[in-house]
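Have a look at the structure below before the remarks.
So that the names make sense, note that chain A is the first sequence line, chain B the second, and so on, each numbered from 1. Fair warning: this is a prediction, and the values are worked out from it, not measured in the lab.
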2 protein chains.
Amino acid sequence: MARKTGSHSEITGPRIRAAAAQLFARHGYAAVSMRQIAAEVGVQAGALYLYTPDKQTLLFDLMRSHLEELLSAWAAEPVSADPVARLEEFCRFHIRFHLDRPDAVFIAYMELRNLEPENFAAIEALRKTYEDALETILKDGATRKQFTVPDTKLATMAVIAMLTGVNTWYREGGRLSRERIERIYWNMVRRSVGA
Amino acid sequence: MARKTGSHSEITGPRIRAAAAQLFARHGYAAVSMRQIAAEVGVQAGALYLYTPDKQTLLFDLMRSHLEELLSAWAAEPVSADPVARLEEFCRFHIRFHLDRPDAVFIAYMELRNLEPENFAAIEALRKTYEDALETILKDGATRKQFTVPDTKLATMAVIAMLTGVNTWYREGGRLSRERIERIYWNMVRRSVGA
DNA sequence: TCCTTATCTGAACGGGCGTTCATTTCAATC
DNA sequence: GATTGAAATGAACGCCCGTTCAGATAAGGA
């Protein structure tokens with residue numbers, strides 16, 4: 001085979017992850033069999049084990065890479081000094097990023113209970129890092145009297161829940177453009193924190 | 001057996017539903033077997049079929065009765081004429097009702113994809129009825145210029161997502177009392193709709 | 001005491017599960 | 001053309017699944 005480094009095909013591996021992501025999102029981790037994933041890729045079930053040690057690791061890798069991508073994408077965003085501008089960036093970034101990856105978002109939120117304890121802890125740590133990014137913005141704004149938030153932890157959870165909720169109803173080609181959705185949600189968030 | 005009317009035990013039926021609710025919420029519908037539910041109740045798997053025609057109906061009944069209880073509880077709440085007061089009632093009611101039933105809420109949100117199409121449609125109709133109750137409040141308030149909401153449908157989804165999000169982090173005996181949580185969330189919702 | 005009837009058991013049914021592995025395939029290299 | 005080795009097959013492993021049902025159990029009414 002023509003490869004430069006490492007083992008395993010560099011084509012089949014991603015195809016397995018894509019098929020697994022789609023099926024897990026659609027039917028749930030527990031309801032999807034390795035044979036179904038293999039059929040979607042066009043191989044026999046045994047071939048999957050050339051690319052993943054087991055089904056659990058397949059799920060964990062999907063969730064971890066999703067959250068790592070989320071964190072590095074946020075880290076790559078431009079940074080404003082003003083908390084209000086920073087909060088707007090966060091809101092728009094969050095909606096944009098999540099609408100672009102509905103399957104991965106769905107899995108990362110719904111399949112936590114199917115993770116073995118150590119995998120669960122690793123995913124929760126990544127999620128907490130992201131939540132902390134928002135809480136830092138809210139704390140800064142509260143310190144500078146630009147926001148009115150009696151409890152930054154609560155406000156953090158409330159804002160993230162509100163923004164992530166877009167994924168539950170948004171459909172491609174729907175009534176509202178993404179830009180309009182971003183603007184409306186940003187305005188609701190802005191007012192909810194008293195800015 | 002000492003019974004007044006109908007068939008089946010009036011004790012075992014509810015016990016099955018309680019066990020199923022707990023296990024479905026903890027591990028997911030697809031990951032829980034009828035044998036596990038039976039073991040929790042203290043009977044053999046076959047006995048379950050005296051109380052439910054199949055596993056799918058067991059899930060559907062849990063979700064339907066949860067949503068019907070939600071709708072009738074909301075209908076039983078006192079009615080204010082003022083949209084702002086009405087919205088406060090909705091927010092506090094929603095948080096209170098959902099925090100009292102974490103398992104049922106979890107199931108109703110996470111197991112939609114495991115419903116057969118006609119069952120899914122029935123559940124979605126009930127959920128829509130509840131969302132319409134909130135949207136009506138927002139429309140009234142917008143008409144009377146008490147709220148500033150550019151799109152009532154979006155605001156409805158945003159508010160419900162924010163409020164339901166409490167269930168993802170709230171733990172009994174935590175840092176904040178329910179009253180304090182209700183007040184903080186109500187304030188965020190109030191400001192988010194410009195009231 | 002006998003009969004009825006709701007309740008439950010325990011075994012069985014066909015089938016799918018995650019995972020393993022000896023074997024086959026086949027393109028790239030020598 | 002022979003050799004290599006990654007890639008994939010396909011059969012098998014033991015196990016659990018949802019569901020059915022003939023038979024056992026036991027309590028109430030006659």
_Side-chain N or O of B:T12 closer than 4.0 Å to phosphate OP1/OP2 of C:dC8_ = yes

*Check the distance between C:dG16's P and A:H27's NE2 and give it to me in whole angstrom.*
16 Å

*Measure the distance from CD on B:Q44 to P on D:dA22 and round it to the nearest whole Å.*
19 Å

*Could you please spell out the steps behind the salt bridge (Lys or Arg N to Asp or Glu O under 4.0 Å) verdict for B:E88 and B:R190?*
CA-CA 8 Å; B:E88 177 171 4; B:R190 181 178 52 74; over 6 Å; no

*Ring-face cation contact, A:F97 with A:R101, 6.0 Å cut, 45° max*: yes

*In whole Å, what is the span from the CD atom of A:Q56 to the C1' atom of C:dT19?*
15 Å

*Rounded to the nearest Å, what distance is computed from the CZ atom of residue A:R15 to the C1' atom of nucleotide D:dA7?*
14 Å

*Can you name the one residue among B:T52, B:I107, B:D54 that meets side-chain contact (heavy atoms from CB on, under 4.5 Å) with B:L59?*
B:I107

*So which nucleotide from C:dG18, C:dT7, D:dA8 ends up closest to the side chain of B:L50?*
C:dT7

*asked:* Go nucleotide by nucleotide along DNA chain C from the 5' end; which of A:A47 and A:Y29 gets its closest nucleotide reached first?
replied: A:Y29

*Grab the CG-P distance between B:L48 and D:dC21 for me, whole Å please.*
17 Å

*Using a heavy-atom cut-off of under 4.0 Å over every strand shown, decide if A:V41 touches base, sugar-phosphate, or nothing.*
nothing

*Send over the distance from A:Y49 OH to D:dC13 P, rounded to a whole Å.*
18 Å

*Give the ring-plane orientation class for A:W74 versus A:F90, where under 30° counts as parallel, over 60° as perpendicular and anything between as tilted.*
perpendicular

*Can you tell me how far P of C:dG18 sits from CD1 of A:I37, to the nearest Å?*
8 Å

*Consider the side chain of B:Q36, meaning its heavy atoms from C-beta on, and name the nucleotide among C:dC17, D:dC17, C:dG18 that approaches it most closely.*
D:dC17

*Looking at C:dT19, D:dT9, C:dT7, which one has an atom nearest to any side-chain atom of A:D54?*
C:dT19

*Indicate, yes or no, whether a donor-acceptor pair under 3.5 Å links the base of C:dG16 to the side chain of A:R35.*
no

*When the nearest nucleotide of DNA chain D is assigned to B:P53 and to A:A45 on a heavy-atom basis, which residue is associated with the more 5' position?*
A:A45

*Exceeds 12 heavy-atom contacts within 6.0 angstrom, atom NZ of A:K139*: no

*Does A:S33 make a side-chain N or O approach to OP1 or OP2 of C:dC17 shorter than 4.0 Å?*
yes

*Given C:dC8, D:dC17, D:dT19, which nucleotide is nearest the side-chain atoms of B:M34?*
D:dT19

*asked:* Is there a side-chain contact between A:Y51 and the phosphate of D:dA8, meaning an N or O under 4.0 Å from OP1 or OP2?
replied: yes

